[in-house]
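Note sheet for the following structure.
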Amino acid sequence: MTLPTEPIGSIPRPLSLIEAIDRCGSDNAVLDPMYEAAVRETVKCFEETGSPVITDGEQRKYHNFWTYSVDGLANTAPDGFRIPFAAGHVRRMPRLTSGPFRYRRYADAYIDVARRYTSTPLKQAVISPSALSLMYPAGGIRGYSRDEFISDLLAEHENEIRRCLAKGAKVVQIDFTEGRLAMKIDPAGNLLHSFIDLNNLALSRFSPDERESLGVHTCPGGDCDSTHSADVDYAELLPSLFEIKVKNFYIALALELDRERVLKIIRQYMKPDQRIFVGVVATIDPHIDTPEEVCERVLEASRYIPFDQLGTTDDCGFSPFSDDTSTTRGTAFAKIRARVLGTQMAERLITGA
Ligand SMILES: [Zn+2]
């Protein structure tokens, strides 16, 4: 018996790449060699951490984990949904201006590139339909109804997941950072429930076997060492979260003020066929977690989650937005290494091996 451990996704981009993107725009072909080098180097460093599952570090997800699939679409305007962070800055989504809605790029293309440099199992993160649903304006679009949009959105999302699975992704993780944020926007819970219903509508298109390779990630956001919804009580989110029809749940936990309380909620609401990957490194904390600290967090979680349903992960990506330089690549990989070592230490203590 082993404890599975997986990353979430993003690794800070090399500073030279960020500067070049600033100069040339992210989608400029002159940057192709730099992107390729960034993926090659990221995959190599990832392998050196010992993480049994790795990612491409989302080096080419521009501009971020949320809008990579639609970045640059002609039928969008920049004044869409706002994501305010506690540090005071705001990230913004594009707004859809006309139909039909189609992705501009699918995440399986990232697997193609990473595969050139590694044979280690790859996780691929994709954005949730609920996050992209926020692109449709509240006032509607003439000649393109919300129902038509949702139908197109679900088809694109399903297509993207199927493409990633076909390329051999070990797991496809649906990023659902807007889940906790939804309870901040609408404390009554209607928005969260509509998000979960929409995501389940998409997931119902997959077989139980396929859903074994699917997961969902929840967190309070992580950008420039700040969050968008850490003040929302997990008790408002987790009972509904476990209704999502996937096998694997990746839950930010390391920075929670009262982890044991959250673990009690997880224990109460998790289902017997679900696996819970708890966050054991604090991605937005500059302190580099030690393996001993990680081990302690795993042992704590193991008191609430059965061993055969437990796994570990990073709290979040290390730079979900491509221009975030608050964490260095060296810090990110040091934290990942601590996750791997600390998880192994805890596993030995738990199994007595
Ligand atoms: Zn996250």
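Order of listing sets the numbers, starting from 1, for every ligand and every atom in it. Numbers here are sequence positions counted from 1.
- In this view, His228 and Phe85 satisfy the ring pair (Phe, Tyr, Trp, His ring centres under 6.0 Å) rule, not counting sequence neighbours.
- For Arg60 and Tyr110, the positive end is not near the middle of the six-membered ring at less than 6.0 Å and at most 45° from its axis.
- For the Zn ion (ligand 1), the count of nearby protein N, O or S atoms, meaning those under 2.8 Å away, is 3.
- Side-chain contact annotation: Thr177 with Asp175, donor-acceptor N/O pair under 3.5 Å absent.
- For the 3.5 Å distance criterion, the side chains of Thr283 and Asp314 fail to qualify, holding no donor opposite an acceptor.
- In this structure the side chain of Ile127 reaches within 4.5 angstrom of the side chain of Ser69, judged on heavy atoms.
- Using modelled atom types, one finds a donor on one side chain and an acceptor on the other under 3.5 Å when comparing Glu47 with Thr118.
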